[in-house]
Structure formats: C-alpha cells, structure tokens
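Since the structure comes first, as structure tokens, the remarks are kept for the end.
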Amino acid sequence: MKRLAVFVSGGGTNLQRIAEYFAPNQDVEIACVVSNNKDAYANQRAKNLGIPLLLVEKTYFTGDLFVERMKSLDIDLIVLAGFLWLIPQRLIEAFPNKIINIHPALLPKYGGKGFYGHHVHEAVVAAHEKESGITVHYVNEHYDSGNIIFQAKVALSETDTPDDVAAKIHVLEQENFPLVIEKLLLAK
Ligand code: GAR
C-alpha cells in the first residue's frame, strides 16, 4: 500500500480529482489531508471523501511534532495541491524527494512568492503570453524552484482573460496530476 498526504489551502479541486482517480486502486490511499486554512472548501471535500483532515497552525506545522506525525502515518509521497505555505526545512529533510508541488504555470516563469492561483494567470495575460501550462516539481526550501518532474502546455489566444486561462489550466491539472503521482509511486 502506498500512502499519500495531500496538503491544501483552497478549493481542493485537485484533491478531489486525486482521490477519485485512486479510489478504485487498492494499492494507493490518501492517508490524510493537511490544511492550513480553516475556511478552505478543500476541508469539506476531505470530510465528504472520508479522508482524515489535519488542520494545522504555523507553530505546529513548522515544528518537530508535525514531522513526527507525518512519519508516524508512514507517508510515501506528500502532494502539495494548492498549498500556500513554504515547506519547512525539517520536513524536506525528513522526506527527501518525497514532496511534490503543482504550479499553474510553466516554471521558472511566473513562480516564487506571491505567484499563486489567480495572480499567476493575471500576470500571464498581462505579459501577452502565447502559451501557459502546469509544472509538477520536487519541493525544496524556496518557492517553486525544485527540480521539474513534468510540464504540460496549452495555447492561449489574445482574447483569453485570466479566468479563461484558469479554466484551461484546470483541465491540464485534472488530466495530468494523478498520472504524474501514479508514475512516481510506481517508481518508489
Ligand atoms: C491550482 O491551480 C494549483 O496549481 C495552484 O492553486 C490551485 C489550487 O486549486 N497552486 C499554486 O498556485 C501554488 N503556487 P485547488 O485548491 O482547486 O486544487
């Protein structure tokens, strides 16, 4: 059995997709959802999906107790799915090459602190980019700068609004993220 922890801060559409994709697979389970936002709709999704939810505040999240909790859950892969806090060094050291993030742009463009969710799509439209995409990458101690595992692109048209770009990115995420996770789990 491979065990995932999925970290969330927002709507949780990626969490939902990952959970549904692996539901028929007896060899993969989401052992817990970690949320840093008590108002995130992702929390409700976790409850609806019957996945244990761990709501964390900063002091706990950045301390040893949180690392111990993840270790005790025997997690094979930590998946950041719209999670907005920086990952503490001690967690990265405890899970080397076992923490991945999905970013809604073609890194290294439009990455780093402040570039999340809609801010990314607004910047992409403002720069008149002809394409955007998604990046799945390993997590290190800086925002959006770990080694890239996977990218997928989509063409943009001149009339695309940030909402249009978000919709295109959403499709790419839904199609690709569970497959990338599955591949990584098989390789472990
Ligand atoms: C996703 O588009 C994800 O790529 C992005 O937040 C969204 C979360 O949506 N992540 C970042 O911007 C990280 N820098 P969701 O909560 O519906 O899965």
*asked:* Ignoring hydrogens, what is the shortest heavy-atom contact between Leu106 and Ala152? Give both atom names and the distance.
replied: CD2-O, 3.7 Å
_CZ (Arg17) with more than 12 external heavy atoms under 6.0 Å_ = yes
_If I take atom CD1 from residue Ile78 and atom CD1 from residue Ile87, how far apart are they, to the nearest 0.5 angstrom?_
7.5 Å
_Is there a path of hydrophobic side-chain contacts, each under 4.5 Å between heavy atoms, that joins Ile149 and Leu179?_
yes
*For the pair Glu158 and Lys130, find out whether any cationic side-chain nitrogen is under 4.0 Å from an anionic carboxylate oxygen.*
no
*Can you tell me how far the CG atom of Leu15 sits from the CZ atom of Phe177, to the nearest 0.5 Å?*
10.5 Å
*Flag the pair Pro104 / His121 as yes when at least one side-chain heavy-atom distance between them is below 4.5 Å, and no otherwise.*
yes
*Co-membership, hydrophobic cluster, residues Met70 and Leu4, 4.5 Å side-chain*: no
_Value rounded to 0.5 Å, distance of CG in Leu185 from CE in Met1_ = 11.5 Å
*Which heavy atom of Ser145 sits nearest a heavy atom of His137, and at what distance?*
N-CE1, 4.2 Å
*For the pair Arg69 and Tyr60, evaluate side-chain contact (heavy atoms from CB on, under 4.5 Å) and give the outcome as yes or no after the intermediate values.*
CA-CA 10 Å; Arg69 183 74 181 265; Tyr60 174 69; 3.6 Å; yes
*Go through Gln151 and Ile134 one step at a time and tell me if the side-chain contact (heavy atoms from CB on, under 4.5 Å) criterion holds.*
CA-CA 5 Å; Gln151 290 188 308; Ile134 60 169; over 6 Å; no
_Donor-acceptor contact below 3.5 Å, side chain Asn101 vs main chain Val139_ = no
*Do any N or O atoms from the side chain of Arg90 and from the backbone of Thr62 form a donor-acceptor pair under 3.5 angstrom?*
yes
_Do Val79 and Phe7 make a side-chain contact, defined as non-hydrogen atoms from C-beta onward lying under 4.5 Å apart?_
no
_Donor-acceptor under 3.5 Å (His170 side chain, Val165 main chain)_ = no
*asked:* Can you tell whether the side chains of Asp27 and Lys2 come within less than 4.0 Å, N to carboxylate O?
replied: no
_Is it the case that atom OH in Tyr116 sees more than 12 heavy atoms from other parts of the structure closer than 6.0 Å?_
no
_Run the side-chain contact (heavy atoms from CB on, under 4.5 Å) test on Ile148 and Tyr138 for me, step by step, so that the C-alpha distance in whole Å, both residues' side-chain angles and the decisive distance to 0.1 Å come before the verdict._
CA-CA 6 Å; Ile148 291 174; Tyr138 288 109; over 6 Å; no
*Looking at Arg45 and Gly11, what are the two nearest heavy atoms and their distance?*
NE-O, 2.6 Å
*What's the spacing between Cys32 SG and Leu53 CG if we round to 0.5 Å?*
8.5 Å
*Does one side chain, of His118 or Asp163, offer a donor that lies under 3.5 Å from an acceptor on the other?*
yes
*Atom NZ of Lys71 with >12 non-hydrogen neighbours under 6.0 angstrom*: yes
*So, do Lys168 and Leu172 sit near enough that their side-chain heavy atoms are less than 4.5 Å apart?*
no
*Decide side-chain hydrogen bond (donor to acceptor under 3.5 Å, both in side chains) for Ser9 and Asn37; before the verdict, give the C-alpha distance in whole Å, the side-chain angles of both, and the deciding distance to 0.1 Å.*
CA-CA 5 Å; Ser9 302; Asn37 176 3; over 6 Å; no
*Can Phe115 be reached from Trp85 by stepping across I, L, V, M, F, W or Y side chains whose heavy atoms are under 4.5 Å apart?*
no
*Quick one: pull up NZ in Lys109 and CG in Leu107 and give me the separation to the nearest 0.5 Å.*
11.5 Å
*Would you say the side chains of Asn43 and Ser35 form a donor-acceptor pair under 3.5 Å?*
yes
*Are any non-hydrogen side-chain atoms of Thr161 and Val125 less than 4.5 angstrom apart?*
no
_For the backbone of Ala31 and the side chain of Glu29, can you confirm whether one donor and one acceptor N or O come within less than 3.5 Å of each other?_
no
*Would a distance-only check, ignoring hydrogens and angles, find a side-chain to backbone donor-acceptor pair under 3.5 Å from Arg3 to Leu77?*
no
*Between atom NZ of Lys98 and atom CD1 of Ile100, what is the distance when rounded to the nearest 0.5 Å?*
13.0 Å
*asked:* I'd like to know if the side chain of Asp160 reaches the main chain of Ser157, judged simply by a donor and an acceptor atom lying under 3.5 Å from each other, with no hydrogens or angles considered.
replied: yes
_If you define the side chain from C-beta out and look only at heavy atoms, does anything of Val33 sit under 4.5 Å from Leu54?_
no
*Evaluate the criterion side-chain contact (heavy atoms from CB on, under 4.5 Å) for residue pair Ile102 and Thr135; output intermediate values, then yes/no.*
CA-CA 6 Å; Ile102 187 158; Thr135 303; over 6 Å; no
*Between Ile169 and Gly133, which heavy-atom pair has the shortest distance, and what is it?*
CD1-O, 3.3 Å
*Determine whether Leu55 and Leu65 fall in the same hydrophobic cluster, where Ile, Leu, Val, Met, Phe, Trp and Tyr are linked whenever their side-chain heavy atoms lie under 4.5 Å apart.*
no
_Verify same cluster id: Phe150, Val28 (apolar side-chain graph, 4.5 Å)_ = yes
*So which pairs with a foot in residues 15-59 pass ring-ring contact (aromatic ring centres under 6.0 Å, His included), sequence neighbours left out?*
none
_Aromatic centroids of Phe61 and Phe83 separated by under 6.0 Å_ = yes
